[in-house]
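None of these values were measured; they are calculated from a predicted model. Chain A is the first sequence line, chain B the second, and so forth, proteins listed ahead of strands; every chain is numbered from 1.
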Amino acid sequence: MMQETTDKKWFDELILELRLRQVRGDAIGDTVASARELLSDSGQGAEEAFGPARNYAAALELPTAPRNEWVKKALWPLLLSLLAFLLFSQAVASWVSSEAMLVSPAQVAFLATPAVAMALLPLYIHAAIRRIWVLIALVAICAMSGLLSAVTTPATQADAWLALDPLPWLVGSATVMVLLSIAITIRSWGYDGEYITDPRSNTTPRNGTGTKILTTIITNWIFPLLALAMLGLALALR
Amino acid sequence: MTVSHPEPPASEGADWPSDWLRATLGFFALHALSAGPSYGYAIISELERNGFGTVKGGTLYPLLTRYEAAGMVTTEWRAGDGGPGRKYFALTDRGRAEKNRLSADWLRFTALSNRYLSDGQHTKEITT
């Protein structure tokens, strides 16, 4: 039982390390299945047979996607969506209450913090995934900056740096979010490279088609869905 | 041709310097495949039976993966008898040629080494 738990942890770490190296899902599935095969034959534990998961993942030298491909494919669309969502969240309350969207410099700085944190993600993503406290600190900083941006919202037009008509910003940011989600969905639909397939059965071990559709919708449409929820909440509280 | 499931490895207590094994494991693994396709544990067992000690999966698989990338080995998953499938490795023509080349070089190298050690010939150091 103890060995099973240790091995499960080792395999989880191996998959994570291979993911961080941008190895395709089918190659990860093949690596995991062949390691399990040897453990089953030899009766050894994973660490005993293969050494630390991180070293084993490095030693395999499996083909990887170009180092910065995920930045172009995933990070920039996500970053643009986040910026659009932040704009939408500022504009929606003003639009619902038929007031101008008031902006202060401090508010812009606090709103930009999550976007900057995300833009710098390639510099610290490995540390964030391997050390939970980095991830917790990141979430705390983003949540705190969101809170402070609300606190620094100007109360009157005289305090504001900018006073904008919220409707164009609302429509513009919503359009950007929807277009980006459509583009990401179209691009990811035919691509199965991220799914870990078991070479012994050519199936994804845990994810069926229903799960795949649900995962695609949640991950690709998260910002439009959140924006819709925010709009509904603002209208309900009017 | 397939390699039957081996007997449990009978270690000869081999404790060779790790540098020696590192230098030779590549073509030993290719040699283990020269009789026909085989899988990880069968290759490890064959090497152990022949007195080379227990090779770890963490050493063998990266080696075979590199050979596969270099076109010297192909892989195929085959269904197991009532159990999960096995990944079989097979030599390609390129792998066989590389194995023959390395084996011939190794035999020449060991012949030279043996002659040198048994003849007791020494290169006289020239001192000024």
Side-chain angles (χ1 to χ4, degrees), chain A residues 3-4 6-11 13-15 17-18 21-66 196-206, chain B residues 2-11 18 21-22 25-26 29 32-33 37-49 52-90:
Chain A
Q3 186 63 57
E4 274 177 32
T6 313
D7 282 358
K8 188 187 176 305
K9 199 176 159 199
W10 187 89
F11 276 106
E13 203 182 325
L14 177 67
I15 291 169
E17 290 294 335
L18 293 171
R21 290 170 184 278
Q22 304 286 299
V23 174
R24 279 182 59 95
D26 53 356
I28 296 176
D30 190 281
T31 301
V32 168
S34 53
R36 285 197 192 284
E37 175 205 323
L38 184 68
L39 298 188
S40 162
D41 282 338
S42 67
Q44 292 173 300
E47 181 97 23
E48 180 191 358
F50 295 100
R54 192 171 172 180
N55 294 357
Y56 184 54
L60 284 170
E61 295 176 15
L62 292 169
T64 58
I196 297 174
T197 49
D198 187 339
R200 295 167 296 187
S201 58
N202 267 330
T203 57
T204 52
R206 284 172 211 153
Chain B
T2 62
V3 176
S4 60
H5 196 94
E7 294 295 314
S11 174
S18 59
L21 287 172
R22 203 172 299 132
L25 185 61
L33 294 173
S38 187
Y39 55 91
Y41 185 62
I43 297 169
I44 288 171
S45 301
E46 181 170 324
L47 294 174
E48 192 166 3
R49 264 201 318 278
F52 299 111
T54 307
V55 176
K56 302 255 182 197
T59 307
L60 181 69
Y61 280 106
L63 195 65
L64 292 171
T65 306
R66 278 201 290 281
Y67 285 156
E68 187 184 3
M72 291 196 279
V73 161
T74 56
T75 60
E76 182 192 10
W77 280 92
R78 296 183 189 172
D81 298 329
R86 289 187 190 286
K87 186 179 183 177
Y88 277 81
F89 299 87

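For A/Leu39, no part lies near chain B; criterion is any non-hydrogen pair under 4.5 Å. In this structure, chain B has no heavy atom under 4.5 Å from any part of A/Ala35.
At least one side-chain heavy atom of A/Leu38 sits under 4.5 Å from a side-chain heavy atom of B/Ile44.
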| Is there a side chain to side chain contact (heavy atoms under 4.5 Å, CB included) between A/Ser34 and B/Tyr39 once you walk through the steps? | CA-CA 9 Å; A/Ser34 53; B/Tyr39 55 91; over 6 Å; no

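When all heavy atoms are compared, the tightest approach of A/Ala59 to B/Pro62 is O-CB, 3.4 Å. Minimum interatomic distance between B/Gly58 and A/Phe50 (heavy atoms only, all atoms of both residues): N-CD2, 3.5 Å. Of all the heavy atoms in A/Tyr56 and B/Gly57, the pair that sits closest is CE1-O, 4.2 Å.
If you take OH on B/Tyr41 and CD on A/Gln44, they are separated by 8.0 Å, rounding to the nearest 0.5 Å.
Annotation: side chain to side chain donor-acceptor pair (under 3.5 Å) contacts of B/Lys87 (sequence neighbours excluded): A/Asp30.
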